[in-house]
Amino acid sequence: MNYVSSEGHTFLVSDYGVYPNDDLDDTIGIQLAVNAAIKHGFASDIIFEYGIYTITSTILIMNATDLTIRGQGADQTYLIGYNQVSMFFTQYCQALTLTSFSIDYNPLPFTAGYVVNVDDKYLDIKVVPPHQADINRQVQAILRYDPIEMRPAFGPNTYEIYQMPPTDAKTTVVSPGVLRLPLRLPSKFLKGDPIVARYAFGGHAIYGQDVTDMTIQSITIYTSWGMGFVTLRARRLNIMNYQVLPQNGRWMSSIVDCMHFADTREYISISDSICEAMGDDGLNVHAVFFLVTEIISSNTIIIAATNWTDPLDFGVGTTLEFSYNQQPFTIHENGTVSSLIFNSTNSRKIIFTNSVSVNVGDWVCVANTPLLTIRNFTVANNRARGVLLETRNVDIRKSLFKRTSGPAVLIQPSIYWHEGPEARNISLSENIYIDNNEGIAQEKGIITILPDPLQLVPVINDIRIESSTFYFGIYSQALLQCDNTNLLLIRGNYIATNSSTPFISICNSRNISAENNCVVNSETKIDEYYSFDPTTPCSKNLSSLIDLPSSAFNSSFPPPVVLKDFFLLNRRYRLNKGQYFE
């Protein structure tokens with residue numbers, strides 16, 4: 001193999017007619033700078049100046065090697081998108097770094113305000129600045145909001161609708177500052193309700209596909225028409241000082257996930273990052289389930305995608321796992337791909353290096369899961385979960401989960417979403433959990449293990465919840481929902497709750513144990529620390545080796561993790577308002 005060396009070069013966007021703060025479209029000039037840097041080769045830097053840049057279409061970064069796109073700082077260089085598109089689309093890149101700038105969009109992908117009129121076919125809202133009365137928008141989701149707590153409404157006030165936007169009606173202004181939101185069906189919203197309405201989803205702020213050694217560092221995203229940072233088949237991801245935050249009093253940041261990584265290989269490293277006020281999860285890591293549709297020979301089959309087709313091109317050398325159709329999370333076979341051949345838009349012919357004993361209708365999932373390491377990560381005030389783990393080998397430490405509407409941590413392989421595989425080897429240590437699981441996406445536990453669908457046998461293995469601090473909210477439900485789990489340990493945790501009900505729910509699990517935990521409950525007495533879920537298909541007879549005695553929860557010690565331990569980017573999290581201050 002011949003190696004070509006090339007000296008690094010700096011490309012100033014100003015050399016391509018791109019200047020900040022001039023209100024001119026900078027898209028073409030930025031694309032020219034990117035193309036020139038990629039053509040030059042290795043170790044190139046693209047430099048933005050201080051100020052605001054206008055972008056109207058996606059910047060494409062294809063086949064780049066050792067390229068850095070750099071601003072002057074997240075609070076100094078601003079890239080503003082003026083259409084419902086991704087800011088950056090990257091593919092087939094190696095050693096790509098995006099650093100030191102912010103991303104925002106105008107107009108916003110959502111609006112917010114107070115309901116002033118209710119009809120079966122629409123809601124009229126008085127828009128609250130800085131939100132906008134946007135016309136000709138399709139409304140995809142509306143949730144009730146709590147403007148005092150600055151998070152989606154919770155407890156008995158929780159309410160949200162999703163809808164296929166009506167095709168014959170879009171948003172209109174009915175009087176100054178009053179926006180009409182079309183409804184497909186009657187809702188339960190009331191006059192006076194504060195709401196956030198999300199428009200039809202568009203492009204993600206940053207998207208990477210088939211990238212290697214990609215780094216996101218010192219990037220702030222204030223909103224996005226889709227998710228913040230999304231990848232498919234990335235290999236070795238590094239995320240440092242990445243923030244998705246609401247700006248200037250807005251009631252939401254990105255309208256979907258903060259981060260979403262599908263079929264990542266080798267590792268994902270996340271540190272010193274914040275995800276706040278998103279319209280969905282803080283982080284989702286998963287691979288994709290496919291179906292076996294035809295068996296050609298002992299080592300050749302056809303598999304098909306059930307919805308999204310891009311993940312089908314997982315590559316030669318990939319290991320695939322097979323499970324029976326009615327037992328989707330119990331692996332019975334695996335094989336290594338030697339050839340991947342296009343069969344149709346939604347199917348591929350797979351030839352394996354070995355014979356595989358599989359059946360038509362079996363589920364197929366990529367087994368090459370990444371090592372996921374998270375340090376000093378904050379998820380707060382969002383609509384759904386803190387982290388959604390449909391992967392293996394996870395280590396989350398020194399992180400803060402505050403007022404996530406659903407569980408702080410959800411471990412859930414899902415046939416409904418065709419995301420997996422089943423989790424193994426997850427360590428949750430030295431974290432702090434505050435007022436989680438009180439609203440939209442609520443489950444039975446602040447940490448919830450819930451395969452979808454539920455199985456009769458354990459499928460999630462080796463979970464450790466250690467040395468962490470839990471502060472229950474009034475509506476938090478339990479500490480742990482433990483379904484289909486084998487080998488789980490709860491150790492050294494400080495648990496503050498005012499509920500007398502059992503705070504561990506068990507369904508079809510075994511080898512569940514606890515030791516040396518401190519439970520603080522100043523108002524009531526807890527007689528039983530766990531209970532068996534009676535809901536079908538759960539059965540007490542299908543659980544065994546449950547070692548959760550009262551003595552495992554009667555230690556006395558101070559919280560192992562306290563809020564003042566969380567310093568991030570010279571900012572500290574303010575407990576009472578969910579805001580940041582210097």
Side-chain angles (χ1 to χ4, degrees), residues 1-20 26-51 53 55 57-79 86-103 204-221 228-243 259 261 264-273 315 370-371 373 569:
M1 181 178 292
N2 294 318
Y3 290 86
V4 179
S5 63
S6 177
E7 293 184 1
H9 186 75
T10 297
F11 294 82
L12 305 176
V13 294
S14 57
D15 291 340
Y16 296 85
V18 176
Y19 303 100
D26 299 310
T27 310
I28 293 176
I30 295 170
Q31 188 66 66
L32 289 173
V34 168
N35 295 346
I38 293 172
K39 183 178 180 180
H40 178 268
F42 297 101
S44 296
D45 277 23
I46 298 172
I47 306 297
F48 288 86
E49 299 174 13
Y50 297 91
Y53 292 85
I55 297 176
S57 60
T58 301
I59 305 300
L60 302 177
I61 308 172
M62 313 293 285
N63 298 293
T65 301
D66 201 4
L67 173 65
T68 298
I69 298 179
R70 187 187 310 274
Q72 302 302 313
D75 59 347
Q76 300 294 331
T77 300
Y78 298 87
L79 309 183
S86 294
M87 191 71 70
F88 294 100
F89 181 96
T90 71
Q91 191 171 24
Y92 310 128
C93 296
Q94 296 186 30
L96 172 65
T97 298
L98 305 181
T99 184
S100 304
F101 57 82
S102 292
I103 291 174
H204 313 304
I206 302 171
Y207 181 84
Q209 184 168 319
D210 297 304
V211 294
T212 301
D213 293 314
M214 185 171 182
T215 298
I216 300 293
Q217 183 171 12
S218 301
I219 297 289
T220 298
I221 297 174
F229 177 35
V230 181
T231 66
L232 171 62
R233 285 190 303 274
R235 188 179 299 273
R236 301 189 294 273
L237 275 179
N238 296 280
I239 299 105
M240 298 165 283
N241 188 13
Y242 165 78
Q243 302 178 75
M259 293 179 279
F261 305 133
T264 309
R265 309 295 174 89
E266 296 192 30
Y267 72 77
I268 302 168
S269 176
I270 302 171
S271 62
D272 302 330
S273 296
L371 174 65
T373 304
L569 317 173

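No experiment lies behind these values; they were computed from the predicted model shown.
- The only option from T264, I216, I268 that meets the side-chain contact (heavy atoms from CB on, under 4.5 Å) definition with T231 turns out to be T264.
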**Request:** Test side-chain contact (heavy atoms from CB on, under 4.5 Å) on M240 and D272 and set out the steps.
**Result:** CA-CA 6 Å; M240 298 165 283; D272 302 330; 5.9 Å; no
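- Residues G228 and A205 approach most closely at O-CB, 3.3 Å, considering heavy atoms.
- Using a distance-only test at 3.5 Å, with no hydrogens or angles considered, a donor-acceptor pair links the side chain of Q31 to the main chain of L60.
- Remark: the backbone N or O of I55 is not paired with any side-chain donor or acceptor of T27 at under 3.5 angstrom.
- In this structure, the side chain of T99 does not engage the main chain of S218 through any donor-acceptor pair within 3.5 Å.
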**Item:** side-chain contact (heavy atoms from CB on, under 4.5 Å) between V13 and D26, intermediate numbers included
**Value:** CA-CA 9 Å; V13 294; D26 299 310; over 6 Å; no
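- M214 has its side chain within reach of I206: a pair of non-hydrogen atoms, C-beta onward, lies under 4.5 Å apart.
- With T77 contributing its side chain and Q72 its backbone, the two residues share a donor-acceptor pair below 3.5 Å.
- Side-chain contact check for D45 and T10: no donor-acceptor pair (N or O, by modelled atom type) lies under 3.5 Å.
- Looking at heavy atoms from C-beta onward, L98 lies out of side-chain contact with F229 at the 4.5 angstrom threshold.
- The aromatic rings of Y16 and F11 sit tilted, their planes meeting at an angle between 30° and 60°.
- A tilted orientation is assigned to the rings of F48 and F101, their planes being inclined by 30° to 60°.
- In this structure, the side chain of T215 does not engage the main chain of T97 through any donor-acceptor pair within 3.5 Å.
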Show me the donor-acceptor pairs within less than 3.5 Å that the side chains of residues 87-94 make with the rest of the protein, sequence neighbours left out.
{"unit_1": "T90", "atom_1": "OG1", "unit_2": "Y207", "atom_2": "O", "d": "3.2"}

